[in-house]
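In listed order, ligands and their atoms are each counted from 1. Just the heavy atoms: all of them, side chains too, but no hydrogens, waters or symmetry mates, feed the values below. Note that the numbering runs from 1 along the sequence shown for the chain.
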Amino acid sequence: MDRLLESRDYAELRTIINYLGIAAFVIDVENNDHFRLAAINQRHEQLTGMHHAECAGRLVDEVLPPDLAEQVRKNYRRCVRLRSAIDYDETLELPAGTTFWRTTLVPYLDPDGRVFRLLGTAFEITRTVHLEQSTRYQSAILSAYLEESPDGILVVDADNHMRTWNQRFLEIWNLPLEVMESGDGRRALEIVRNQLETPDEFTERILDLYQHLDQEERGYRFAMRDGRMLERYSRGLKDTQGTYWGRIWFYRDVTDHEILTNRLLQLASTDSLTGITNRRIFMETMAEEYRRARRYNHSFTVLMIDLDRFKQVNDRYGHEGGDAALKSFTATIAPMLRETDLFARMGGEEFTILLPETDIEEATQLARRLGQAVAGITVNSHRGAFAITVSIGVSQLQPDDADAEETLSRADRALYTAKEEGRNRVACA
Ligand SMILES: Nc1nc2c(ncn2[C@@H]2O[C@H](COP(=O)(O)OP(=O)(O)OP(=O)(O)O)[C@@H](O)[C@H]2O)c(=O)[nH]1
């Protein structure tokens with residue numbers, strides 16, 4: 001080796017570096033500005049397209065473009081100054097495109113300690129650099145997504161350790177950063193569980209999902225003790241090779257959505273003036289009750305109720321007085337019914353009550369009690385106080401009723417009879 005170090009025999013050196021599987025080159029140092037390319041190996045030739053025969057013995061300025069020559073000279077000077085091996089990364093524009101290299105320069109010293117030669121070896125790291133760039137790009141996307149996401153996100157590794165989370169996750173669960181940073185998963189779960197309406201169900205589902213990384217969870221909805229409603233989505237973190245790295249959890253606050261949905265459902269199913277069920281829901285429920293009654297050989301009864309001489313009420317006390325009467329009427333009736341009964345406004349001053357599991361006698365007695373209660377109401381309006389009465393038709397499901405509407409029509413006819421017979425009364429059909 002010593003003999004070689006002292007030797008200026010390029011051919012021998014070149015023979016050795018040709019065996020190297022990586023690009024290698026030898027630079028003769030004349031002075032701080034003059035670096036002469038002494039040899040390049042075959043691998044170097046293959047990778048750069050340069051040829052040893054064409055460039056050996058020429059200054060780097062003569063074989064490289066000015067920018068690149070200056071770039072390499074800086075590194076050569078540094079190695080000469082330090083008199084020790086240095087590593088650096090460099091970018092080379094080759095005919096095949098931009099390439100990245102990790103280069104090592106080793107100085108050769110003469111007996112006076114002067115650097116007279118540099119041996120360079122260069123690994124092409126283009127693939128690694130591209131991978132790093134792609135990783136940086138992916139992680140930039142991931143960070144942006146984590147921080148901008150309206151969902152609270154938690155990533156747990158294959159050993160169930162909490163690895164990554166976003167600020168929103170801490171906010172949703174009121175989790176102190178110290179707890180997350182300490183990696184104390186038990187403590188974090190305890191804080192979470194203390195806020196839940198059904199902590200056991202929540203934990204059971206988590207444990208089950210940890211055991212089955214291939215399982216997804218889509219929109220598991222659960223209630224918080226503070227009234228919020230959350231939704232959870234979760235899936236295993238699987239790479240392109242099919243290896244599972246853990247699991248990602250998304251927590252979404254759906255409280256506003258839940259309130260809005262309930263409000264819309266309520267609006268779509270209730271009468272806006274009185275707040276009781278509307279005609280559409282009544283008809284649907286009655287049809288369902290009809291099927292149930294037929295299947296289990298049960299019965300039901302319907303009451304058809306109409307406020308008496310309501311036109312006169314409106315004429316004397318105005319539309320507002322009429323509205324007040326409708327509200328007093330429903331407020332009086334509703335508390336007198338069972339939870340299973342369905343009280344609905346069919347339109348105008350016409351109402352119905354569906355009484356499941358009730359025969360005509362019971363229903364008639366109830367109708368009379370309702371009629372008496374209504375007769376006792378005093379409605380207050382701007383134009384004075386007044387009393388109201390109702391007429392009620394009662395009908396029970398009959399064996400040959402083809403549908404619930406037949407029962408309802410009979411109740412309607414009974415109501416007509418009650419009106420005909422003088423109002424403020426109950427009639428059955
Ligand atoms: N204030 C008010 N009036 C209503 C509403 N819906 C319907 N009406 C009125 O209710 C009255 C119903 O009158 P009619 O169907 O002639 O019957 P009636 O005067 O109650 O007489 P009988 O049913 O025969 O006792 C009409 O004047 C409608 O304008 C409402 O939401 N508010």
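With sequence neighbours excluded, the residues forming a salt bridge (charged side-chain N to carboxylate O under 4.0 Å, His left out) with Asp315 are Lys311, listed by chain and number. Arg294 pairs by the salt bridge (charged side-chain N to carboxylate O under 4.0 Å, His left out) definition with nothing, not counting sequence neighbours. Evaluation of the salt bridge (charged side-chain N to carboxylate O under 4.0 Å, His left out) rule for Glu406 yields no partner, not counting sequence neighbours.
Annotation: Trp249 is in aromatic contact with Tyr210 [ring centroid separation under 6.0 Å]. The aromatic ring centroids of Phe123 and Trp101 lie 6.0 Å or more from each other.
In this structure, a donor-acceptor pair under 3.5 Å is present between the side chains of Asp253 and Thr255.
Within 4.0 Å of ligand 1, the residues that place a heavy atom are Asp306, Leu307, Asp308, Arg309, Phe310, Lys311, Asn314, His319, Gly322, Asp323, Leu326, Arg345, Gly348, Glu349, Lys419, Arg423, listed by chain and number.
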